[in-house]
Amino acid sequence: MTALSANLQAVRARIESACRRAGRDPSEVRLLAVSKTFPADAVVEAAGEGQRAFGENYVQEGCGKVEQLAALGLEWHFIGPLQSNKSRLVATHFDWVHSVDRLKIAQRLSEQRAPQLAPINVCLQVNVSGEASKSGVAPGEVVELARAVSALPQLRLRGLMAIPEPTEDEALLRSRFALLRSSRDQINDVLVLGLDTLSMGMSSDLDLAIAEGATIVRVGTAIFGSRTPLSDSNS
């Protein structure tokens, strides 16, 4: 068994254990393997172990892997900050975008998605920590953004995403995840959109995120190991 295979098994077991503790069905939580900065060979190996969904933060790197590995039929999620001048590439290559935080980006993705392709699954990124340096729509503005985005063709609004500030305070972290869940529930109550996705939780905090309702956890380091940051004009 390779290190990557062992890591994947350990992460899957951790997700299942967290679900059991939270009284949830493990089938409710999907693992998104964050393959940013890792080579296509690592994605191929993970795919051979049954992993189908992969997340990328950098536009050029991600699009290159999507093209190189097209024959594998994988599901690709763009999870990084997205500038408007890179939206066409993302609209062409990816199945999901988790980081929509303003209407302009959503409009460009909708306009640039080819009509013969299935609509892009979209999550709105919410700044649950109120950090000035962090991307994301304010919680108080997310309902109106959801209203506008849900009306766009070639997009399917699925839910919300958040990246809380790093902290050792588990109660504070859980409150950030709970805020994302309550924001999703508010949208469903007000707009009746049936949003089903909460993209929250990473290698260090996925257990707490699952306890608060995560449906997608984004895990990179715990699967692929430590990474070396790449330079990309998208970030």
Side-chain angles (χ1 to χ4, degrees), residues 15 18-19 22-32 52-53 55 75-82 84 87 90-91 94-130 134-164 173-202 205-206 208-218:
I15 291 170
C19 287
R24 300 181 60 192
D25 186 333
S27 67
E28 296 174 0
V29 181
R30 298 184 65 202
L31 172 59
L32 179 61
R52 308 308 298 168
E75 181 178 280
W76 292 96
H77 297 234
F78 188 78
I79 61 176
L82 180 57
S84 58
S87 60
V90 172
F94 285 84
D95 306 296
W96 284 70
V97 179
H98 291 228
S99 49
V100 172
D101 61 357
R102 57 197 188 279
L103 183 58
K104 178 183 177 181
I105 288 294
Q107 290 171 329
R108 289 180 67 89
L109 289 171
S110 177
E111 293 165 359
Q112 293 165 347
R113 182 70 164 182
Q116 69 269 23
L117 297 177
I120 307 174
N121 295 289
V122 167
C123 291
L124 305 180
Q125 183 173 352
V126 182
N127 188 346
V128 293
S129 303
K134 188 69 65 68
S135 298
V137 62
E141 300 172 0
V142 71
V143 172
E144 289 311 307
L145 181 58
R147 188 193 307 275
V149 172
S150 66
L152 295 172
Q154 286 303 90
L155 300 185
R156 182 186 176 196
L157 183 58
R158 296 294 299 270
L160 306 179
M161 183 271 265
I163 309 172
L173 194 51
R174 285 191 64 153
S175 74
R176 304 304 195 200
F177 292 139
L179 175 57
L180 195 72
R181 184 188 67 244
S182 65
S183 297
R184 191 270 315 268
D185 294 345
Q186 180 186 18
I187 292 169
N188 282 340
D189 289 343
V190 173
L191 303 179
V192 197
L193 293 178
L195 303 186
D196 60 5
T197 300
L198 288 174
S199 171
M200 60 188 193
M202 298 184 285
D205 55 20
L206 67 87
L208 299 177
I210 287 171
E212 293 298 337
T215 63
I216 295 177
V217 291
R218 309 181 306 272

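Only heavy atoms go into these numbers, but all of them, side chains included; no hydrogens, no water, no symmetry mates. Counting from 1, the numbers follow the sequence of the chain as shown.
Looking at residues two or more places apart in sequence or on another chain, you find no side chain to side chain donor-acceptor pair (under 3.5 Å) involving S99. Contacts of R184 classified as salt bridge (Lys or Arg N to Asp or Glu O under 4.0 Å), with partners at least two apart in sequence or in another chain: none. Shown here are the side-chain contact (heavy atoms from CB on, under 4.5 Å) partners of A114, two or more places apart in sequence or in another chain: Q116, L117. Evaluation of the side chain to side chain donor-acceptor pair (under 3.5 Å) rule for Q186 yields no partner, not counting sequence neighbours. Considering only residues two or more places apart in sequence or on other chains, D25 meets the side chain to side chain donor-acceptor pair (under 3.5 Å) condition with S27. When the side-chain contact (heavy atoms from CB on, under 4.5 Å) test is applied to D185, the partners found at least two apart in sequence or on another chain are R181. Shown here are the side-chain contact (heavy atoms from CB on, under 4.5 Å) partners of D196, two or more places apart in sequence or in another chain: R158. The side chain to side chain donor-acceptor pair (under 3.5 Å) test applied to S183 returns no partner, not counting sequence neighbours. Applying the ring pair (Phe, Tyr, Trp, His ring centres under 6.0 Å) rule to F177 yields no partners; only residues at least two apart in sequence or on another chain are considered. Scored by the side-chain contact (heavy atoms from CB on, under 4.5 Å) test, R52 finds A47, L74 as partners (sequence neighbours excluded).
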Kindly indicate, with the supporting measurements, whether the criterion side chain to side chain donor-acceptor pair (under 3.5 Å) is fulfilled by S135 and Q125.
CA-CA 7 Å; S135 298; Q125 183 173 352; 5.0 Å; no
Are C19 and E28 close enough, and set up right, to give a side-chain contact (heavy atoms from CB on, under 4.5 Å), and what steps lead you there?
CA-CA 9 Å; C19 287; E28 296 174 0; over 6 Å; no
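Panel note: side chain S84, backbone I105; no donor-acceptor pair is recorded below 3.5 Å. Looking only at distances, a side-chain donor or acceptor of N188 sits under 3.5 Å from a matching main-chain atom of G194. The main-chain N or O of W76 is found under 3.5 Å from a side-chain atom of D95 such that the two form a donor-acceptor pair.
Going from atom CG of L124 over to atom CE of M161 covers 10.0 Å, rounded to the nearest 0.5 Å. Put simply, OG1 on T197 and CG on L195 are 8.0 Å apart, with the number rounded to the nearest 0.5 Å. How far OG of S150 is from CG of L157: 6.0 Å, rounded to the nearest 0.5 Å. Interatomic distance, CE of M202 versus CD1 of I79, reported as 8.5 Å (0.5 Å rounding). Considering CG of D205 and CD1 of I210, their distance stands at 10.0 Å, rounded to 0.5 Å. Rounding to the nearest 0.5 Å gives a distance of 4.5 Å between CG of L31 and CD1 of I15.
Counting only residues at least two apart or in different chains, salt bridge (charged side-chain N to carboxylate O under 4.0 Å, His left out) contacts with residues 111-123 are absent. Within the structure, the salt bridge (charged side-chain N to carboxylate O under 4.0 Å, His left out) test picks out the following pairs touching residues 138-150 (sequence neighbours left out): E144-R147.
When side chains are defined from C-beta on, W96 counts as touching I216, because their heavy atoms get closer than 4.5 Å. Residues L82 and L109 form a side-chain contact, since some pair of their non-hydrogen atoms from C-beta on lies under 4.5 Å apart. Taking 4.5 Å as the limit, some side-chain heavy atom of I187 sits within range of a side-chain heavy atom of L160. Inter-residue side-chain proximity for T215 and R24 is flagged as met; some heavy-atom pair is nearer than 4.5 Å.
The two residues V100 and A106 have their closest heavy-atom pair at CG1-CB, 3.9 Å. Across A148 and L103, no two heavy atoms sit closer than the pair CB-CD1, 3.7 Å. Heavy-atom minimum distance, S87 versus Q112: OG-OE1, 2.7 Å. The heavy-atom pair separating G136 from D101 by the smallest distance is N-OD2, 3.4 Å. Between L198 and L180, the shortest heavy-atom distance links the atoms CD2-O, 3.8 Å. Residue A91 comes nearest to I120 through the heavy atom pair CA-CD1, 3.8 Å, listed as atom of the first residue, atom of the second, then distance.
H98 and H77 have tilted rings, their planes meeting at an angle from 30° to 60° on a 0 to 90° scale.
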